[in-house]
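Only one structure is covered here, and it is reproduced in the block below.
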Amino acid sequence: IERYKGIIPALITPYTNEGKINEAVTRKLIQHLLSKGVKGLYLSGSTGEGFLQTVEERKQFLEIVVDEVQGEVPVISQVGAVDTNTCVELTKHAAEVGADAVSAVAPFYYKHGSEQIKQHYLDIVNAADIPLIIYHIPDFTGTSGSIDFYEELSKVENIIGLKYTSKDTFFMQQLIDVCGDEFMVFNGPDECCIAGLAVGAHGAIGSTYNIMPEKFVSLFNHFANGNIAAAKQEQYEANRLIRKLLDYDFIAFEREVLTLQGFDVGKPRKPLQQLTDMERSQIRKIVEEFPFL
Ligand code: HMN
């Protein structure tokens, strides 16, 4: 649990100009993020575009990341999919190639009852000897487990935590209360990172930690040291940027910023927003306004 405490980027998946996974840029971006003090990497989630990739690509990407990280920090692979079989296949693969944990969104598109969703998670955790971090993102999946639902799953051996992408901090606090301190909860919305930490989140997984890892590592460290005023200052500064970012699709925006930072991560996959030249030049101006980028 100590190993996971901190800031964990939900890694962008670098693509080549042809839209294939870009191994060289992936390795370079990982070294950069590690050098900034991130405590793990979260792959193939919303930010990583796992849902827009083939199973083979998801496996290939994980293999590259595990090889580059060399055990320095935990690697968490998001294996969620519409169907259980794909999740099971990706989980077995993740265990085989040495990922530290898998994570999964609730099955989406079809409307399932909570019993089926529970069974889906049990099938994943029973597929291989690798811990599971549930991914709660009700706005995207259209389903939200209840406090009781998560409490029950938190008691299952090898379900070690939850990534919590919602701005409802009361719900988060209740979850932490009933699941106990050994069950890790990660804050999802970066703009509310300090709020999540304040109600007891153990760490934070998010997309903007790709583009400003230092800001949030600093926020986390200040918070951990009880320097709340300094942590709050970092959150305020980050949020002035996030507010601008939210005028665009966050993946398109962050890919553009990374490109300006020297990481040629390519364009997001359609149907994600493809930036116009005008939008790209607006983003360039924003980057100039924020020296911490
Ligand atoms: C993931 O890759 O799964 C995400 O990073 C999830 C993460 O919690 C992000 N949430 C969403 O995109 C809905 C945030 O990092 C978010 O992008 C950021 O707070 C800006 O709003």
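Not measured: the values here are computed from a predicted model. Order of appearance sets the numbers: ligands from 1, and atoms from 1 within every ligand.
- When hydrogens are left out, the protein atom nearest atom 4 (C) of ligand 1 is Thr47 OG1, 3.3 Å; that is the closest non-hydrogen contact.
- Interface of Asp190 with ligand 1, defined as ligand atoms under 4.0 Å from a residue heavy atom, comprises 14 (C), 15 (O), 18 (C), 19 (O).
- Residue contacts with ligand 1: Gly188 is placed with a nitrogen or oxygen under 3.5 Å of a nitrogen or oxygen of the ligand (distance criterion only).
- Counting only heavy atoms of the protein, atom 19 (O) of ligand 1 lies nearest to Glu191 OE1, 2.4 Å.
- Each of the following atoms of ligand 1 lies closer than 4.0 Å to a heavy atom of Pro189: 19 (O).
- No side-chain N or O of Tyr15 forms a donor-acceptor pair with one of Glu57 less than 3.5 Å apart.
- Exactly one of Glu256, Gln273, Gln274 qualifies for a side chain to side chain contact (heavy atoms under 4.5 Å, CB included) with Lys267. That residue is Gln274.
- Ring pair Phe263/His32 is tilted by interplanar angle, where 30° to 60° counts as tilted.
- Polar contact with ligand 1: absent for Glu254 (N/O pair, distance under 3.5 Å).
- In this pair, Tyr209 and Phe216 present their aromatic rings tilted. The plane angle is within the 30 to 60° band.
- By the 4.0 Å N-to-carboxylate-O rule, Lys285 lies too far from Glu289 to be salt-bridged with it.
- Listed for the Asp100 side chain is a donor-acceptor partner under 3.5 Å among the backbone atoms of Val75.
- Within ligand 1, counting atoms from 1 as listed, the ones closer than 4.0 Å to a heavy atom of Phe140 are 13 (C).
- On a distance-only criterion, Ser207 and ligand 1 share at least one N/O pair closer than 3.5 Å.
- Of the protein's non-hydrogen atoms, Tyr135 OH, 2.5 Å is the one closest to atom 3 (O) of ligand 1.
- Residue-ligand proximity, Gly206 to ligand 1, at heavy-atom distances under 4.0 Å covers atoms 5 (O), 15 (O).
- Within the 4.0 Å heavy-atom criterion, the part of Leu246 lying near ligand 1 is the side chain and not the backbone.
- Inspection of the Asp123 and Gln119 side chains reveals an N or O donor paired with an N or O acceptor under 3.5 Å.
- Using a 30° and 60° split on the angle between ring planes, Phe292 and Phe290 fall in the perpendicular class, above 60°.
- No part of Gln78 comes within 4.0 Å of ligand 1, judged by heavy-atom distances.
- When only non-hydrogen protein atoms are considered, atom 12 (O) of ligand 1 lies nearest to Phe250 CZ, 3.1 Å.
- Residue Tyr209 places every heavy atom at 4.0 Å or more from ligand 1.
- Contact annotation for Thr165 and ligand 1: only side-chain heavy atoms (C-beta onward) come within less than 4.0 Å of the ligand.
- The aromatic rings of Tyr42 and Tyr135 lie perpendicular to each other, with more than 60° between the two planes, well past the 30° mark.
- Distance check, rounded to the nearest 0.5 Å: CD of Glu234 to CG of Asn221 gives 10.0 Å.
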